[in-house]
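Worksheet: one structure, shown below.
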2 protein chains.
Amino acid sequence: MPGISIGRLAKAAEVKVPTIRFYEQIGLMPTPERTKSDQRVYGEEAVRRLRFIRHARQLGFDIKDIEALLGLADRPDMPCAEADRIAQSHLDAVDDKIAQLTRLREELSRMTANCSLGLAADCKVIEVLSDHGLCQEDRH
Amino acid sequence: MPGISIGRLAKAAEVKVPTIRFYEQIGLMPTPERTKSDQRVYGEEAVRRLRFIRHARQLGFDIKDIEALLGLADRPDMPCAEADRIAQSHLDAVDDKIAQLTRLREELSRMTANCSLGLAADCKVIEVLSDHGLCQEDRH
DNA sequence: GCTTGATCCTCTAGTGGCTAGAGCTTGTAG
DNA sequence: CTACAAGCTCTAGCCACTAGAGGATCAAGC
């Protein structure tokens, strides 16, 4: 019969059990039916919703954005410009993050490349951290 | 006379005042002297240490790593292999993060590129999130 | 001396997105 | 029938801060 336990739902959507309860608590997942002994019972709908959430989380969307995207997914007659805006804005944020990490990567790589593995007194890693002037980046 | 208030220290090291108190609380910054009226008084040493911390944080080192690096910086007669190891391991983590974000970026970019800006029913953004099978990545 | 406003103090609670654990009840397989 | 797996609730912890309440103190101008 239709009715999935929280454990099966977790496996079906590849999400951990406590995470599902957490999503319920913050209102991202609806409160499910319960058995007489108070255990949660879900339907297929819950699997779809949870998979959507998991995928969006893997893509780095935050909970607020996911709420908005779920709202749009529930109303197929709405224009999707908003979904595009959310995705585009997240894409921009990811681009920024990549750019920032790439800059960090360069500085870190310079640090370790110059490290003589000698005494700490001559250690480039420590030296660079101690004196921001040694950092060859223009600004941060 | 030598003696810097927490506000001046904050400006000198470009760190916010509550952050300094937080660092003191977790033992990353030493407990400073106090005036009669209980205000913190710092010396030049504190400026150097806090700058070191700030720079390391900007590079993404976590507090534990910074503690270790500060320990090494304080003992110039120690070999710096450990500092190099910390930096190298952090560099590896940053590389991983960049690779991961680059993969995400591609999927996000495919999503928005395919978005017709029509109705949500045809929205590629929502479609991709709903159905992991549409995601062209091999695994995640 | 007095007032004003900036700075200082401590303490608590909140952020995001879970994760871990205690201590209990219920379901299920052999 | 007996394990033990899985369910339940509730609280606390993670990281590195940040925000705010509520009060004391300092520095400068009049």
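Per chain, numbering begins at 1; letters A, B, ... match sequence-line order.
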Review point. Where the side chain of R40(B) is defined as all heavy atoms beyond and including C-beta, which of dC8(D), dC9(C), dT7(C) is the nearest nucleotide?
Key: dC9(C)
Exercise for review: Measure from CZ on F61(B) to P on dC15(D) and round the result to the nearest Å.
Suggested key: 17 Å
Revision key, fill the gap. Assign each of F22(B) and R8(A) the nucleotide of DNA chain D bearing its closest heavy atom; nearer the 5' end lies the nucleotide of R8(A)
**Study point:** Value in whole Å for how far the C1' atom of dG21(C) lies from NZ of K16(A)
**Key:** 15 Å
Practice item. Could you walk me through whether L129(B) and L59(A) pass the side chain to side chain contact (heavy atoms under 4.5 Å, CB included) test, one step at a time? Key: CA-CA 9 Å; L129(B) 289 172; L59(A) 287 171; 3.7 Å; yes
Review point. What is the distance, rounded to the nearest whole Å, between atom OH of Y23(B) and atom C1' of dC15(D)?
Key: 11 Å
Review point. Quick one: CZ on R57(A) to CD1 on I63(A), what's the gap to the nearest 0.5 Å?
Key: 5.5 Å
Revision key, fill the gap. Here the distance between atom P of dG16(C) and atom NE2 of H90(A), to the nearest Å, is 16 Å
Check your understanding: Nearest to the side chain of R34(B) - dC9(C), dC8(C), dG17(C)?
Key -> dC9(C)
Study note, to complete from the structure: Of the candidates dC26(D), dC8(D), dC8(C), the side chain of R21(B) sits closest to dC8(C)
Review point. Any ion pair linking R40(B) and E24(B) (charged N to carboxylate O, less than 4.0 Å)?
Key: yes
Review point. How long is the span from the OG1 atom in T112(A) to the CD atom in Q88(B), to the nearest 0.5 Å?
Key: 4.5 Å
Check your understanding: Which residue lies toward the 5' end of DNA chain D, R57(B) or Q39(B), if each is placed at its nearest nucleotide?
Key -> R57(B)
Review point. Whole-Å distance between dT9(D) C1' and I20(A) CD1?
Key: 16 Å
**Study point:** Spacing between D62(A) atom CG and dT15(C) atom C1', to the nearest angstrom
**Key:** 12 Å
Point to revise | Residue mapping more 5' on DNA chain C - nearest nucleotide basis, T19(A) or K36(A) | key: T19(A)
Practice item. Taking only Lys NZ, Arg NE, NH1 and NH2, and the carboxylate oxygens of Asp or Glu, determine whether E106(A) and R103(A) approach each other closer than 4.0 Å. Key: no
**Study point:** Residue whose nearest DNA chain C nucleotide is more 5′ - T35(A) or S5(B)
**Key:** S5(B)
Check your understanding: Whole Å only: how far is the CD1 atom of I26(A) from the P atom of dG17(C)?
Key -> 8 Å
Check your understanding: Would you say S37(B) reaches dC26(D)'s phosphate, i.e. side-chain N/O to OP1/OP2 under 4.0 Å?
Key -> yes
Study note, to complete from the structure: I6(A) atom CD1 is separated from dT9(D) atom C1', nearest whole Å, by 12 Å
